[in-house]
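To start, the structure under review is shown below, and the notes come after it.
Residue numbers begin at 1 in each chain, while the letters A, B, ... track the order of the sequences. Note that this is a predicted model, so its numbers are computed, not measured.
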Amino acid sequence: MSKKNIDNIIALAKDLRWQIGDDYHDSLIESIYADAAEIVNDTVTKDKEKSKFRLDAKIDKIVTSRIWGFPIMLLVLGVVLWLTIIGANYPSSLLAELLLDSIHPVLKNLGTSIGFPWWLNGFLFDGVYLAVAWVIAVMLPPMAIFFPLFTLLEDFGYLPRVAFNMDALFKKSGAHGKQALTMSMGFGCNAAGVVATRIIDSPRERLIAIITNNFSLCNGRWPTQILLATIFIGAVVPKSYSSFASLSAVIGIAVLGIFFMFFFSWALSKTVLKGEVSTFNLELPPYRPPVFWKTIYTSLIDRTLIVLWRAIVFAAPAGAVIWLISNIYIGNESIAAWTVYSLDGFGFLLGLNGVILLAYIVAIPANEIVIPTILMLTVMVRGISGGEGVGVMFELDSVTGTADILRAGGWTLLTAVNVMLFSLLHNPCSTTIYTIYKETNSMKWTVVASILPVIAGFIVTFLVAQVWRILV
Amino acid sequence: MKKSSNSVCDTCAHFNPDGLKKLGIKTSDFDFVVALAGNPNTGKSTVFNALTGLRQHTGNWPGKTVTRAEGAFEYNQQKFKLIDLPGTYSLLSTSEDEEVARNFILFGKPTVTVIVVDASRLERNLNLVLQILEITNKAVLCLNLIDEAERNNIQINTRILAKDLGIPIVPTNARLQKGIPELIQTISELANNKIKCKPRRIKNIPKDIEKAVQELSSALEQEYPAITNSRWIAFRLLEGDTQIIESLESGEILA
């Protein structure tokens with residue numbers, strides 16, 4: 001076939017395009033719709049009176065109403081978190097008892113009996129093993145409850161309603177309404193949320209969604225929030241209100257994150273990412289009763305175990321690093337101690353401490369290991385020892401045990417509040433940073449997305465610390 | 001993998017359950033390529049999982065699948081590679097996710113295209129179905145979420161629908177594996193040319209446009225006798241679709 005003939009065909013198309021005029025596209029689409037209507041007329045019969053969609057419409061009227069939409073969203077989030085907080089406590093202490101109190105000494109004795117030198121024994125069992133055991137005990141129970149609940153909501157069809165409710169707010173902040181969906185994904189995992197921004201067509205609005213996704217509290221950070229709120233916030237109120245108080249604190253942090261997400265979306269769209277807000281259609285799918293056990297099973301296998309595995313993979317080397325920096329001495333102090341002391345001053349300004357800042361550096365690969373890292377560093381550097389020397393965690397069989405270590409490490413209510421804030425407002429984990437780079441293909445935007453939240457975190461914790469110290 | 005036997009077809013002589021192997025992500029050495037297309041949130045990913053035995057995450061919201069996922073199954077010693085395309089409402093506009101779907105159906109040349117529709121929203125879904133039928137000759141309509149339609153008192157006469165569209169129709173409830181054996185059987189028969197499709201072409205087009213389309217498509221057919229979707233290419237040429245023009249010039253569209 002010759003090039004000339006193809007050119008002729010293209011020229012013919014051009015001619016014909018002139019003849020048929022501008023409304024060609026619309027006419028074609030109208031014909032398709034007319035065809036569709038014809039076919040449906042012949043094949044579909046429906047009994048409108050009995051239609052169940054009326055029930056869907058009724059539910060939608062309530063959950064997307066101006067008055068009830070937002071309270072219902074908060075209530076749903078509250079119930080999910082409440083079940084997580086209440087439910088996670090018991091299995092957590094059970095796991096801690098098993099992995100830390102029972103298995104750890106056995107492993108250490110085993111190491112000694114087969115003639116491991118002290119440093120290998122310490123490195124393996126006090127470093128690597130303890131970090132992994134901690135991650136499992138602290139992380140597994142809340143994840144195993146939170147993820148399935150979240151997945152059930154997703155299957156039920158609630159997420160598009162959330163998007164619908166928040167659309168107006170996104171529009172006001174100059175962002176795309178579909179960002180509500182990517183934001184919700186971010187509550188599971190920020191890396192997944194960043195990938196999900198592909199549903200946003202406009203590059204400008206997609207960048208905003210990517211940069212601000214980190215303000216969705218991800219599953220690596222929920223347990224941190226829940227644990228700290230349970231220990232410190234729950235303790236300041238009478239016991240009968242304690243779970244309510246800690247619950248409110250966690251919701252407060254999540255909502256604050258959403259607030260920051262809107263604020264930075266707005267700020268970006270008013271400055272470096274100016275442009276029009278694009279419109280889109282969002283279909284509200286029918287509510288579907290989730291296939292309960294299958295959902296529970298798949299969310300446990302696909303989400304919980306994968307996230308847990310990731311945490312373990314990162315916790316093991318982190319545990320090794322922690323043990324090493326706590327046991328390698330420069331002069332008369334360990335590397336960890338030197339670092340912690342030099343960060344203490346800056347930490348104090350932020351209402352945090354050197355241990356926490358070092359933990360956030362060690363834990364860049366995974367947010368999940370922040371609390372275990374803080375605990376191990378506190379024990380090792382602050383010299384709170386259960387008897388077996390540096391780098392050995394003492395008995396921890398419950399949340400109370402965690403609380404005791406943190407208090408002994410100098411934590412106050414302010415420290416806890418600011419760690420909760422800093423957990424919300426700091427750099428994304430390394431996986432998310434890498435994902436942002438892959439999705440934007442731009443070093444510049446990757447750096448912006450990584451640095452912006454840390455700066456926000458420094459400012460917020462600094463202000464809170466100063467005000468707190470003046471008032472309290 | 002243990003097969004569930006929710007369907008009478010599992011035990012029927014027509015479907016051969018022993019011939020089925022869900023291969024998950026092992027997509028090498030396939031005999032046929034099968035594309036899964038459809039509107040957002042019609043359960044494409046659920047159908048995909050049911051066919052491949054994979055557990056790609058599904059969720060009840062539009063836009064769940066942003067990239068195309070691949071999987072495979074084996075039936076009667078033939079390997080089928082399955083591509084789960086992003087959900088789209090149409091193939092006529094230019095957003096990025098629609099492009100993935102359109103380019104694959106047009107240039108990826110799947111042996112069989114499975115069009116997944118939401119049975120309760122047939123009319124809206126037909127918009128995409130009619131467009132796909134202009135492009136490909138071998139397609140099956142997967143009338144998914146049929147249970148939901150029944151609960152909503154919507155009855156669909158699948159025989160007339162199959163006749164109107166000129167392709168086989170399989171009602172399914174993919175979440176419970178209902179209709180999946182029939183779907184596999186139909187895909188296999190289509191791939192092996194045991195079923196012949198006569199896909200419906202869009203009618204109701206204004207006369208002057210129809211005339212232009214015919215003129216252009218016969219010119220295309222004269223030039224490329226092997227072409228099967230000259231009408232669709234004519235539609236796109238009249239629209240001035242630069243991608244189609246380029247692919248005509250490079251010859252990619254006929255490869």
Side-chain angles (χ1 to χ4, degrees), chain A residues 1 3 5-6 8-10 12-14 16-17 19-20 24-25 27-40 42-48 50-53 151 154-160 163 178 181 195-196 198-199 201 281-283 285-288 291 294 298 301-303, chain B residues 39-41 55 57-63 66-67 89-90 92 95-97 120 122-127 129-131 145 148 151-158 160-161 164-165 175-176 200 202-206 208-209 212 215-216 219-220 223-224 234-235 237-240 245 248-249 251:
Chain A
M1 66 201 73
K3 172 94 177 67
N5 287 343
I6 295 162
N8 282 344
I9 288 174
I10 293 168
L12 174 65
K14 228 178 199 167
L16 290 168
R17 209 180 305 148
Q19 286 172 32
I20 56 178
Y24 160 72
H25 185 86
S27 314
L28 182 62
I29 288 176
E30 273 168 30
S31 332
I32 296 174
Y33 279 117
D35 266 31
E38 230 175 74
I39 295 172
V40 165
D42 290 347
T43 54
V44 180
T45 46
K46 48 182 136 182
D47 190 341
K48 275 208 172 141
K50 287 193 207 152
S51 175
K52 235 192 171 176
F53 289 128
T151 317
E154 201 182 329
D155 273 13
F156 176 57
Y158 188 63
L159 287 192
K178 277 190 192 166
L181 292 173
V195 174
R198 290 183 193 171
I199 58 173
D201 307 333
N281 291 316
L282 179 74
E283 199 172 349
Y287 292 102
R288 297 189 174 123
V291 185
K294 199 180 154 205
T298 45
I301 299 296
D302 291 351
R303 271 184 155 161
Chain B
N39 281 18
N41 215 44
R55 290 191 312 262
H57 186 65
T58 56
N60 187 8
W61 53 282
V66 284
T67 47
Y89 291 103
S90 156
L92 292 168
S95 83
E96 241 168 271
D97 46 348
S120 317
L122 186 59
E123 181 163 354
R124 192 189 327 157
N125 283 222
L126 278 177
N127 178 28
V129 176
L130 291 168
Q131 292 179 34
L145 304 166
E148 214 168 76
R151 265 188 278 120
N152 287 302
N153 293 297
I154 296 172
Q155 263 88 43
I156 298 172
N157 188 332
T158 51
I160 298 181
L161 186 62
D164 276 359
L165 293 175
R175 290 215 290 181
L176 302 178
R200 178 189 179 107
I202 299 164
K203 299 170 186 169
N204 287 313
I205 297 177
D208 55 329
I209 295 179
E215 196 178 334
L216 201 51
L220 281 163
E223 189 59 36
Y224 315 109
F235 284 146
L237 285 178
L238 288 174
E239 187 106 345
I245 294 175
L248 262 185
E249 284 170 341

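- With sequence neighbours excluded, the residues that form a salt bridge (charged side-chain N to carboxylate O under 4.0 Å, His left out) with B:R200 are A:D35, A:E38.
- Contacts of A:I10 with chain B are made by side-chain atoms alone, with heavy-atom separations under 4.5 Å and no backbone atom involved.
- To the nearest 0.5 Å, atoms CG (B:L237) and CZ (A:R17) are separated by 7.5 Å.
- With rounding to the nearest 0.5 Å, the separation of CD1 in B:I205 from OH in A:Y24 is 7.5 Å.
- Counting only heavy atoms from C-beta outward, the side chains of B:I209 and A:L28 never approach each other to under 4.5 Å.
- Only the side chain of B:L165 comes within contact range of chain A, with heavy atoms under 4.5 Å apart.
- Remark: B:Q155 engages A:T45 in a side chain to side chain contact (heavy atoms under 4.5 Å, CB included) (not counting sequence neighbours).
- Considering only heavy-atom pairs separated by less than 4.5 Å from chain A, the leading option among B:N39, B:L238, B:I160 is B:L238.
- Scanning all heavy atoms of the two residues, the minimum distance from B:A212 to A:I20 falls at CB-CG2, 3.8 Å.
- With respect to chain A, the highest number of heavy-atom pairs below 4.5 Å among B:T158, B:N125, B:L216, B:I156 belongs to B:L216.
- Put simply, CD on B:E215 and CG on A:L16 are 5.0 Å apart, with the number rounded to the nearest 0.5 Å.
- Among B:D208, B:D164, B:I245, B:L122, the residue with the largest count of heavy-atom pairs under 4.5 Å with chain A is B:D164.
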